[in-house]
Colleague: 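One structure follows; several queries about it will come next.
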Amino acid sequence: MLRRSTSFLGVNGFKFLENKIVDGDINSAVELLETVSFTLTRQDEAIFSQKPVKSVQISTTSGYLGINPNHEYKISKLLPGPCKIEFPDGTQQTYFLSGGFANINSAGSVDIQAVEAVPVEDLDLALAQKELAAAEADSQTGTENEKAIAQIRVQTAEAIVAALTAQSA
């Protein structure tokens with residue numbers, strides 16, 4: 001015989017409500033943050049894990065996005081392109097991201113999940129230009145599926161060439 005439980009969720013079923021994030025009063029004083037907690041992961045590793053940074057710049061489907069402390073909440077799809085990171089001491093580091101998602105919250109953290117993230121200094125402009133030419137040639141012939149894959153290669157190679165050209169300028 002089935003017995004009906006008096007507590008479907010148990011004692012701790014709604015414990016998550018104790019730590020629920022709520023919107024603050026718009027008229028209350030807000031603590032201005034000096035840095036952003038930055039996490040960058042790719043499919044096989046965490047490159048940065050809650051590292052304090054001054055700003056992050058990324059390419060998204062809605063345009064180029066600069067993220068500074070106290071940025072509004074936003075979730076963005078990333079396009080292939082550079083991810084420029086500025087640290088509190090003024091140094092900068094740039095990674096090339098092949099795509100992914102960015103989650104920015106108003107509590108001061110930025111989480112980026114990328115398919116691939118490669119330091120720009122590890123990329124070769126001549127090799128990227130050669131890959132771009134090969135991808136453009138492949139996008140003209142073959143089945144529709146092969147052309148679509150080649151078009152993705154073209155977009156990624158164009159973004160790599162643009163990132164490396166901007167880096168060297």
Side-chain angles (χ1 to χ4, degrees), residues 30-169:
V30 177
E31 176 188 352
L32 295 178
L33 302 171
E34 302 257 338
T35 60
V36 173
S37 175
F38 178 62
T39 299
L40 173 61
T41 58
R42 61 179 173 200
Q43 56 189 339
D44 58 345
E45 70 176 313
I47 298 169
F48 294 105
S49 181
Q50 299 180 348
K51 176 93 172 166
V53 299
K54 190 173 178 182
S55 69
V56 179
Q57 299 171 9
I58 52 177
S59 297
T60 71
T61 54
S62 58
Y64 202 66
L65 181 63
I67 305 159
N68 294 310
N70 301 302
H71 196 284
E72 68 182 353
Y73 178 81
K74 186 172 183 75
I75 296 177
S76 293
K77 181 180 177 190
L78 302 176
L79 294 175
C83 172
K84 297 179 182 178
I85 307 153
E86 183 179 356
F87 298 98
D89 64 1
T91 60
Q92 295 184 358
Q93 194 168 5
T94 304
Y95 281 81
F96 181 83
L97 307 180
S98 62
F101 289 91
N103 183 358
I104 303 130
N105 73 40
S106 53
S109 71
V110 177
D111 298 317
I112 295 178
Q113 297 83 36
V115 177
E116 277 300 328
V118 179
V120 170
E121 59 268 7
D122 291 353
L123 298 173
D124 182 346
L125 180 59
L127 189 59
Q129 290 170 332
K130 185 186 279 187
E131 173 60 27
L132 176 58
E136 286 174 336
D138 290 346
S139 69
Q140 303 301 318
T141 60
T143 66
E144 289 302 312
N145 190 37
E146 291 169 338
K147 288 179 183 179
I149 291 170
Q151 190 58 41
I152 293 169
R153 287 177 42 219
V154 167
Q155 292 171 347
T156 304
E158 285 175 341
I160 291 172
V161 168
L164 292 173
T165 304
Q167 184 81 5
S168 64

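Not measured: the values here are computed from a predicted model. No hydrogens, no waters, no symmetry mates; every other heavy atom, side chains included, goes into these values.
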Colleague: Take atom CD in Glu34; do more than 12 heavy atoms of anything else shown fall under 6.0 Å from it?
Modeller: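 No, because the 6.0 Å sphere around CD of Glu34 holds 12 heavy atoms or fewer from other groups.
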
Colleague: Under a 3.5 Å threshold, yes or no: a donor from one side chain and an acceptor from the other, between Gln113 and Gln43?
Modeller: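 No, Gln43 and Gln113 have no side-chain donor paired with an acceptor closer than 3.5 Å.
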
Colleague: Could you check whether the rings of Phe48 and Phe87 sit parallel, tilted or perpendicular, using 30° and 60° as the cut-offs?
Modeller: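 Ring orientation of Phe48 relative to Phe87: tilted.
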
Colleague: For the atom pair CG (Asn103) and OH (Tyr73), what is the distance rounded to the nearest 0.5 Å?
Modeller: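 Taking CG in Asn103 and OH in Tyr73, the distance rounds to 5.0 Å.
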
Colleague: Without swapping roles, check the side chain of Thr39 against the backbone of Gln50 for a donor-acceptor pair under 3.5 Å.
Modeller: yes

Colleague: Which atoms form the tightest heavy-atom contact between Gly66 and Gln57, and what is the distance?
Modeller: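 It is CA-CG, 4.2 Å.
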
Colleague: Go through the steps to decide whether Val56 and His71 satisfy the test side-chain contact (heavy atoms from CB on, under 4.5 Å), and finish with yes or no.
Modeller: CA-CA 11 Å; Val56 179; His71 196 284; over 6 Å; no

Colleague: Does the pair Val120 and Leu164 meet the rule for a side-chain contact (heavy atoms from CB on, under 4.5 Å), with working shown?
Modeller: CA-CA 7 Å; Val120 170; Leu164 292 173; 3.4 Å; yes

Colleague: Give me the atom names and distance for the closest heavy-atom approach of Thr165 to Val161.
Modeller: OG1-O, 2.7 Å

Colleague: Assess the residue pair Glu158 and Leu132 against the criterion (side-chain contact (heavy atoms from CB on, under 4.5 Å)); give the C-alpha distance rounded to whole Å, side-chain angles, the decisive distance to 0.1 Å, and a yes or no.
Modeller: CA-CA 7 Å; Glu158 285 175 341; Leu132 176 58; 3.5 Å; yes

Colleague: Check whether the side chains of Asn145 and Thr143 place a donor and an acceptor atom closer than 3.5 Å, and report yes or no.
Modeller: no

Colleague: Please identify which of these residues, Pro82, Ser76, Pro80, meets the side-chain contact (heavy atoms from CB on, under 4.5 Å) condition with Ser59.
Modeller: Pro82

Colleague: Which heavy atom in Ala150 sits nearest to a heavy atom in Ala135, and how many Å separate them?
Modeller: CB-O, 3.8 Å

Colleague: Please round to the nearest 0.5 Å and tell me the distance separating atom CZ of Arg153 and atom CD of Gln151.
Modeller: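 Interatomic distance, Arg153 CZ to Gln151 CD, rounded to 0.5 Å: 10.5 Å.
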
Colleague: Measuring from atom CD of Glu146 to atom OG1 of Thr141, what distance do you get when rounded to the nearest 0.5 angstrom?
Modeller: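 Glu146 atom CD to Thr141 atom OG1 measures 7.5 Å (nearest 0.5 Å).
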
Colleague: Around Lys147, counting heavy atoms of other residues, nucleotides and ligands shown, do more than 12 lie under 6.0 Å from its NZ?
Modeller: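 It does: Lys147 NZ has more than 12 such atoms within range.
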
Colleague: With heavy-atom distances below 4.5 Å as the criterion, would you say the side chains of Leu65 and Lys74 are in contact?
Modeller: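 Leu65 vs Lys74: side chains touch.
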
Colleague: Could you measure the distance from the CD1 atom of Ile112 to the CD1 atom of Ile104? Nearest 0.5 Å is fine.
Modeller: 7.5 Å

Colleague: What distance do Gln155 atom CD and Ile160 atom CD1 have between them, rounded to the nearest 0.5 Å?
Modeller: 12.0 Å

Colleague: Check Ile67 against Val110 and note the closest heavy-atom contact, atom names and distance.
Modeller: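 It is CG2-CG2, 3.5 Å.
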
Colleague: Check Glu121 against Thr94 and note the closest heavy-atom contact, atom names and distance.
Modeller: OE1-O, 4.3 Å

Colleague: What are the two closest heavy atoms between Phe96 and Ala163, and how far apart are they?
Modeller: CD1-CB, 4.3 Å

Colleague: What's the separation between atom OH in Tyr64 and atom CG in Leu79, rounded to the nearest 0.5 Å?
Modeller: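 One gets 12.0 Å once the value is rounded to the nearest 0.5 Å.
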
